[in-house]
Peer 1: 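Take this structure first; my questions come after.
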Protein chains: 2
Amino acid sequence: MAASIKDVAREAGVSIATVSRVLNDVDVVNEETKKRVVEAIKKLGYRPNIVARSLKTQRTRTIGIIIPDISNQFYPEIVRGAEDVANIYDYNIILCNTDLNIEKEMEYLKVLKEKMVDGVLYMSNSLEPNILSLIKQLQFPMVLVESKSKGEDIPSVTIDNEKAAYDGVTYLIKKGNKRIAYIGAGEDIVNASAMRYRGYKKALEKNNLTLDENRIYFTSSRARNGYKGINVILSKTKIDSIFCTSDEIAVGVINALRDNGIRVPEDIDVMGFNNVYLASVFYPKLTTISQPIYDMGSIGMRMLIKMINKEKLEERNYILPHELIERDSCK
Amino acid sequence: MAASIKDVAREAGVSIATVSRVLNDVDVVNEETKKRVVEAIKKLGYRPNIVARSLKTQRTRTIGIIIPDISNQFYPEIVRGAEDVANIYDYNIILCNTDLNIEKEMEYLKVLKEKMVDGVLYMSNSLEPNILSLIKQLQFPMVLVESKSKGEDIPSVTIDNEKAAYDGVTYLIKKGNKRIAYIGAGEDIVNASAMRYRGYKKALEKNNLTLDENRIYFTSSRARNGYKGINVILSKTKIDSIFCTSDEIAVGVINALRDNGIRVPEDIDVMGFNNVYLASVFYPKLTTISQPIYDMGSIGMRMLIKMINKEKLEERNYILPHELIERDSCK
DNA sequence: TTGTAGGCGTTATCAC
DNA sequence: GTGATAACGCCTACAA
């Protein structure tokens, strides 16, 4: 067993109380004895046991991060942003992948509570009643990233997804496009990306373009879904551009178009969403709506740590700016 | 404060020992009292405090994962593989990004020890003496992923990097290439990828091709480095193909070639390494050496958990198979 | 089958 | 300034 505070106390010829005092730099300790303690610590290679400390202080200095899937292109950067600031404030993170499976989410929430994390950063698309009531019951500091809670008022950091999509589609329209397809999240899904569909509709409406269901394909954010989706649309109708709710979808779309001998952007414009790393190296480089991904993680973590420290949040629902990145997949 | 074992005991009218027994399903408890306890638990919404349990049992059921950077394309999948099996065995993971910074690595190692993790999965390229002696001092179950320790004999899971590179370059040669460039990790770096350079040299040698330093560019695994590297090489000499030690480098190379009006694979073959997601959606799809990334994480975690349970490892240094994936970036 | 009590390694409140 | 000592919440001999 590793050396404990007792061993240090014995070695330095003082009580454990004194050792604890120098450890935490609290109260006043005689310079001389302090030196003795420090030496004993070094000699024994003593390291405080944080588990024991946590039991006493009721804080673990670890934070849970719940995400759908770290191997999705989007989350690593959020997690990196979060971990970087956690690290600054001496917190560690426990990472949990849920695949958006409600059971798994609930399970992780419970375990995190049992492990006494000081707070959780939560990414999910369905804050359904069961989850919400569990969260309320478990009672930990929590901030939502990428989504918002309706009634419960859990602090959050997001972008204005509806406006972002609106801006993207408007851009497409300004380029002279009139038959704009949509591939991505449907409105039935209660999450951030569903807002994008509303933005799409609004932009069409505002510009007196009619919504044609043949140009709409609802699916999740994977390249192969984009590939399939565009083929379905092409088999039904003609289009001049496509608005995708993720860069991965856009990549699938472009690959499908290429296989059909259709050029991007000469023949058709395609726009992505998120501005993931892939978007900047793909050929053609993707014109896309950029979310400040890293910042969403770091700001979310900053808020969470404030909450843990009972500090007041200036803003409970941060809406970060999005940006349209013009590259080569639109004319 | 949340309900504790005491509250449950009081509620059920038994001692805490009995509650503990039903909690851990140990010893024999009368069916009737057991039922009372279970009901009390449910009524109070009691959840055991794992921190307290850990202090007693000296196991936290959490494992540290140390990686260079989760936002690098390579690591999310390893982490996912690791977390999936950790989850199966009721472990959680603490994620630590080091950017390969030695100070950070040491810091995390110490904190993980203080937080009493049961073991660590370690990814680094430089197992330098300081780190090694710290590891020895800290004494935890550890497995190395992607790299091996020379002397210390820390269990590991890797592929045969030298052979993999040898196979890749041989493939290029068989396709009729004779002036094969190399862009990637240099041999000074003491890590897995350095072995790839040796494989490259060996393949040339075996086929009586001379090594031309003008065709070599050492750099780290980023697309922009590939972009720069190939331009440097092209300014000095002529080549017919390029072996890259990462897919990201290959992507940068291809983008640079395209900007120079050189076609891939018609004019030049380029081969990647790792078979990251990007490789399968990029245009042209990358011919590359596939590492079983997910498996490296999951197998590493399996080994680690065995070690934690004091079970014997059948194999201390797993060498997983690599595979040459033929796609469209080579003729 | 059940209860009592000691201890895991700390912190923090008392006295001295 | 320093030292006992009681928690923190749980597990586990040992008794009963």
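What's counted below: heavy atoms across the whole structure, side chains too, no hydrogens, waters or symmetry copies. Note that the coordinates shown come from a computational prediction; the quantities given were computed from them, not determined experimentally.
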Peer 1: Keeping the roles fixed (side chain from B/Asp99, backbone from B/Asn101), state whether a donor-acceptor pair exists under 3.5 Å.
Peer 2: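 No, B/Asp99 side chain to B/Asn101 backbone: no donor-acceptor pair under 3.5 Å.
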Peer 1: Across the strands shown, which category fits A/Arg47 at heavy-atom distances under 4.0 angstrom: base, sugar-phosphate, nothing?
Peer 2: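 The answer is sugar-phosphate, as A/Arg47 gets under 4.0 Å only of primed atoms, P, OP1 or OP2.
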Peer 1: Looking at A/Asn161, A/Leu127, A/Ile154, A/Val157, which one forms a side chain to side chain contact (heavy atoms under 4.5 Å, CB included) with A/Ser147?
Peer 2: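 Output: one option passes, namely A/Leu127.
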Peer 1: If you walk 5' to 3' along DNA chain D, what is the first nucleotide with an atom under 4.0 Å of a heavy atom in chain B, and what is the last?
Peer 2: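 On DNA chain D, the outermost contacted nucleotides are D/dC8 to D/dT12.
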Peer 1: Counting only pairs under 3.5 Å, give me each side-chain donor-acceptor contact of residues 109-118 of chain B, with atom names and distances, residues two or more places apart or in other chains.
Peer 2:
{"residue": "B/Lys113", "atom": "NZ", "partner": "B/Leu138", "partner atom": "O", "Å": "2.6"}
{"residue": "B/Lys115", "atom": "NZ", "partner": "A/Thr60", "partner atom": "O", "Å": "3.3"}
{"residue": "B/Lys115", "atom": "NZ", "partner": "A/Arg61", "partner atom": "O", "Å": "2.6"}
{"residue": "B/Lys115", "atom": "NZ", "partner": "A/Asn92", "partner atom": "OD1", "Å": "2.9"}
{"residue": "B/Asp118", "atom": "OD1", "partner": "B/Thr60", "partner atom": "N", "Å": "2.9"}
{"residue": "B/Asp118", "atom": "OD1", "partner": "B/Thr60", "partner atom": "OG1", "Å": "3.4"}
{"residue": "B/Asp118", "atom": "OD2", "partner": "B/Thr60", "partner atom": "N", "Å": "3.4"}
{"residue": "B/Asp118", "atom": "OD2", "partner": "B/Arg61", "partner atom": "N", "Å": "2.7"}

Peer 1: What's the angle between the local helix axes at either end of the helix from C/dT1-D/dA16 to C/dC16-D/dG1, using five pairs per end and rounding to 10 degrees?
Peer 2: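 Comparing the first five pairs with the last five, the axes sit 50° apart.
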Peer 1: Does a salt bridge link A/Arg302 with A/Asp295, judged by any charged N lying under 4.0 Å from a carboxylate O?
Peer 2: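 No salt bridge links A/Arg302 with A/Asp295.
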Peer 1: How long is the span from the CD1 atom in A/Ile88 to the OG atom in A/Ser298, to the nearest 0.5 Å?
Peer 2: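 Rounded to the nearest 0.5 Å, the CD1-OG separation comes out at 9.0 Å.
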Peer 1: Taking any atom under 4.0 angstrom from a heavy atom of chain B, which nucleotides of DNA chain C are the first and last to qualify, 5' to 3'?
Peer 2: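 Result: C/dT1 to C/dG9.
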Peer 1: Rounded to the nearest 0.5 Å, how far does CD1 of A/Ile16 lie from CZ of A/Arg21?
Peer 2: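 Answer rounded to 0.5 Å: 10.0 Å.
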Peer 1: Residues from residues 17-30 of chain A sitting under 4.0 Å of DNA chain C, heavy atoms only?
Peer 2: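 When residues 17-30 of chain A is checked for heavy atoms under 4.0 Å from DNA chain C, the hits, listed by number, are A/Ala17, A/Ser20, A/Asn24.
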Peer 1: A/Met123 pairs by side chain to side chain contact (heavy atoms under 4.5 Å, CB included) with which of A/Val79, A/Ile65, A/Leu144, A/Thr98?
Peer 2: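 When side chain to side chain contact (heavy atoms under 4.5 Å, CB included) is applied between A/Met123 and each of A/Val79, A/Ile65, A/Leu144, A/Thr98, only A/Ile65 qualifies.
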Peer 1: On a heavy-atom basis, which atom in B/Leu23 and which in B/Pro48 lie closest, and how many Å separate them?
Peer 2: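 Reported closest heavy-atom pair: CD2-CB, 4.4 Å.
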Peer 1: What residues form a side chain to side chain donor-acceptor pair (under 3.5 Å) with B/Tyr46, not counting sequence neighbours?
Peer 2: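 Not a single residue meets the side chain to side chain donor-acceptor pair (under 3.5 Å) criterion with B/Tyr46.
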Peer 1: CD1/B/Ile70 to CD1/A/Ile70 distance, rounded to the nearest 0.5 angstrom?
Peer 2: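 B/Ile70 CD1 to A/Ile70 CD1: 4.0 Å, rounded to 0.5 Å.
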Peer 1: Across the strands shown, which category fits A/Val51 at heavy-atom distances under 4.0 angstrom: base, sugar-phosphate, nothing?
Peer 2: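 No contact.
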Peer 1: Go nucleotide by nucleotide along DNA chain D from the 5' end; which of A/Glu31 and A/Ile16 gets its closest nucleotide reached first?
Peer 2: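 Between the two, 5'-proximity favours A/Glu31.
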Peer 1: Has the side chain of B/Asp84 got a donor or acceptor atom that lies under 3.5 Å from a matching backbone atom of B/Gly81?
Peer 2: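 Flag not set: sc B/Asp84 to bb B/Gly81 has no pair under 3.5 Å.
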Peer 1: Pick base, sugar-phosphate or nothing for B/Thr33, based on heavy-atom distances below 4.0 Å to the nucleic acid.
Peer 2: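 B/Thr33: backbone/sugar contact only, no base atoms under 4.0 Å.
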Peer 1: Test B/Glu11 against every option in B/Lys42, B/Arg36, B/Lys43 by the salt bridge (charged side-chain N to carboxylate O under 4.0 Å, His left out) rule and name the one that passes.
Peer 2: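 For B/Glu11, the salt bridge (charged side-chain N to carboxylate O under 4.0 Å, His left out) test succeeds with only one of B/Lys42, B/Arg36, B/Lys43, which is B/Lys43.
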Peer 1: Can you give me the closest heavy-atom contact between A/Leu121 and A/Leu304, atom names plus distance?
Peer 2: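 What the structure gives for the nearest pair is N-CD2, 3.9 Å.
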